[in-house]
Amino acid sequence: MSFPINRPRRLRRTDALRRLVRETQLHPSDFIYPIFVSDLIDEPEPIDSMPGIFRYPPKEAAKEADRVFKLGIPGVLLFGIPAKKDATGSESLKQDGIVQKSIREIKNINPEIIVIADVCLCEYTDHGHCGIINQGEVDNDASIYVLARQAASFAVAGADIVAPSDMMDGRVKAIRTDLDKNGFKNTAIMSYSAKYCSAFYGPFRDAAGSAPQFGDRRSYQMDPANAGEAIREIGHDIEEGADIVMIKPALAYLDIISKAKERFDVPIAAYNVSGEFSMVKLAAQAKLGDEKLLAIEILTSIKRAGADIIISYHAADVAGWLNLS
Ligand code: PBG
């Protein structure tokens with residue numbers, strides 16, 4: 001059957017009709033809100049590259065986490081900026097490390113808030129790479145040992161979920177083994193399984209002071225040109241014990257999200273990264289578009305592609321907008 005019998009505009013006539021047939025709805029429960037915690041400050045500090053986003057000391061981070069939880073967002077993802085960096089990122093293993101202190105403060109304010117701790121070395125190493133350097137190269141097997149110890153340390157502090165973002169091979173298995181050996185069988189793993197070597201991380205590296213001091217991350221993060229490889233990476237991580245798998249960035253990789261959703265039966269997370277966020281902010285500041293409409297359209301596309309969980313710096317704003325509408 002075709003026109004004039006078929007008239008798709010019949011169902012687009014009014015707001016109520018459009019709502020009735022809408023296939024994708026954002027909800028505050030879809031989101032995770034990233035929070036930067038810093039050992040270098042006593043007061044929240046604005047991040048120049050990410051308008052409206054701050055670095056927090058632990059107590060203030062807990063207040064921010066509680067504020068977003070009350071908006072309906074189930075959890076936060078913590079990134080730590082330590083007071084000291086060294087070759088092996090040893091600060092990240094200490095119980096008085098910045099992330100460990102922040103986890104305890106958040107759980108103290110409200111134990112219901114899901115606390116996810118990003119597991120990586122780039123914020124803690126003086127060279128800014130995500131692993132241990134050996135003869136000028138990132139040494140995979142030496143790195144996964146340290147990453148597993150870091151994940152266990154976050155679990156001791158009370159993290160519900162650990163999220164390895166380093167892209168070393170075998171790190172999910174190393175982390176699962178270390179957690180289980182130490183009695184943390186209920187600490188979940190959300191793996192950054194398909195993490196691309198992306199130019200969209202620029203603002204984050206400024207926020208976390210984690211830019212590599214030599215070379216780049218192409219020997220461990222994925223080539224943006226590859227799709228089949230993402231499916232293999234996700235498959236490995238599920239076999240190794242990942243409870244949730246992530247695709248990152250989100251907007252330029254909607255095809256990967258969609259393929260992963262069709263293929264795998266675990267929750268799929270997508271990371272709406274710093275560059276995606278700041279582009280919208282700066283476009284809105286330059287009056288090239290409306291921030292709310294741009295953000296909701298992008299986030300809806302990520303959910304429509306198949307993401308069950310969206311990590312976004314826009315999460316708190318969106319939850320506010322959704323609660324109003
Ligand atoms: C690495 C890490 C990065 C991001 C999350 N974890 C940066 C990188 O790989 O250089 C980027 C997040 C964002 O851009 O919002 N620990």
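All ligand and atom numbering here is 1-based and tracks the order in the structure.
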Chemist: Go through the side-chain N and O atoms of S312 and H314 and say whether any donor and acceptor fall under 3.5 Å apart.
Modeler: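 H314 and S312 do not have a side-chain donor-acceptor pair below 3.5 Å.
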
Chemist: Tell me whether the centres of the aromatic rings in F214 and H129 are closer together than 6.0 Å.
Modeler: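 Yes; H129 has its ring centre under 6.0 Å from that of F214.
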
Chemist: Just need the protein heavy atom nearest to atom 11 (C) of ligand 1, so name the residue and atom and give the distance.
Modeler: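 It is K248 NZ, 2.9 Å.
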
Chemist: Do Q100 and S153 have side-chain N/O donor and acceptor atoms under 3.5 Å apart?
Modeler: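 Yes, S153 and Q100 have a side-chain donor paired with an acceptor closer than 3.5 Å.
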
Chemist: Compare every heavy atom of V146 with every heavy atom of T88, then report the nearest pair and how far apart it is.
Modeler: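 Shortest heavy-atom contact: O-CG1, 4.0 Å.
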
Chemist: Would you mind running through ligand 1 and noting each atom that sits below 4.0 Å from a heavy atom of V273?
Modeler: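 In order of numbering, the contacting atoms are 13 (C), 14 (O), 15 (O).
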
Chemist: Say whether S165, considering both its backbone and side-chain N or O atoms, lies within less than 3.5 Å of an N or O atom on ligand 1.
Modeler: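 Yes, S165 has an N/O under 3.5 Å of an N/O on ligand 1.
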
Chemist: Using a 4.0 Å cut-off to any heavy atom of D118, which atoms of ligand 1 qualify?
Modeler: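 The atoms of ligand 1 under 4.0 Å from a heavy atom of D118 are 6 (N), 16 (N).
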
Chemist: Run the salt-bridge test on K107 and D160 with the 4.0 Å N-O cut-off and return the result as yes or no.
Modeler: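 Yes, K107 and D160 are salt-bridged.
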
Chemist: Show the atoms of ligand 1 that are less than 4.0 angstrom away from any heavy atom in C122.
Modeler: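 Numbered from 1, ligand 1 contributes 1 (C), 16 (N).
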
Chemist: Numbering the atoms of ligand 1 from 1, which are under 4.0 Å from a heavy atom of Y271?
Modeler: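 Listed by number with element: 12 (C), 15 (O).
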
Chemist: Numbering the atoms of ligand 1 from 1, which are under 4.0 Å from a heavy atom of R217?
Modeler: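 Heavy-atom distances to R217 below 4.0 Å select 8 (C), 9 (O), 10 (O).
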
Chemist: Ring centroids only, cut at 6.0 angstrom: are F204 and F36 within range, meaning strictly under it?
Modeler: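 Yes, the ring of F204 comes within the 6.0 Å limit of the ring of F36, centre to centre.
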
Chemist: Between K84 and D39, does any NZ, NE, NH1 or NH2 come within less than 4.0 Å of an OD or OE carboxylate oxygen?
Modeler: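 Not counted as a salt bridge, because no side-chain N and carboxylate O are separated by less than 4.0 Å.
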
Chemist: Identify whether the distance between the nearest side-chain nitrogen and carboxylate oxygen of R67 and E64 falls below 4.0 Å.
Modeler: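 Counted as a salt bridge, because a side-chain N and a carboxylate O are separated by less than 4.0 Å.
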
Chemist: Can you tell me the protein heavy atom closest to atom 10 (O) of ligand 1 and the distance?
Modeler: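 For atom 10 (O) of ligand 1, the nearest protein heavy atom is R205 NE, 2.6 Å.
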
Chemist: Taking 4.0 angstrom as the limit and counting only heavy atoms of E123, give me the atoms of ligand 1 inside it, by number and element.
Modeler: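 Heavy-atom distances to E123 below 4.0 Å select 16 (N).
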
Chemist: Which heavy atom of the protein is the closest neighbour of atom 15 (O) of ligand 1, given with residue, atom name and distance?
Modeler: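 Ranked first by proximity to atom 15 (O) of ligand 1 is Y313 OH, 2.6 Å.
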
Chemist: Could you list all the side chain to side chain donor-acceptor pair (under 3.5 Å) pairs where at least one residue sits in residues 273-283, not counting sequence neighbours?
Modeler: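 Applying side chain to side chain donor-acceptor pair (under 3.5 Å) to every pair that reaches into residues 273-283, excluding sequence neighbours, yields N272-E276, K281-E291.
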
Chemist: For atom 13 (C) of ligand 1, which of A208, S274, A207, C197 has the closest heavy atom?
Modeler: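 When every heavy atom of A208, S274, A207, C197 is considered, S274 comes closest to atom 13 (C) of ligand 1.
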
Chemist: For atom 1 (C) of ligand 1, what's the nearest protein heavy-atom neighbour? Residue, atom name and distance, please.
Modeler: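 Checked against all protein heavy atoms, atom 1 (C) of ligand 1 sits closest to K195 NZ, 3.2 Å.
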
Chemist: Within a distance under 4.0 Å of any heavy atom of F79, pick out the atoms of ligand 1 and give their elements.
Modeler: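 By the 4.0 Å cutoff, the relevant atoms are 5 (C), 6 (N).
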
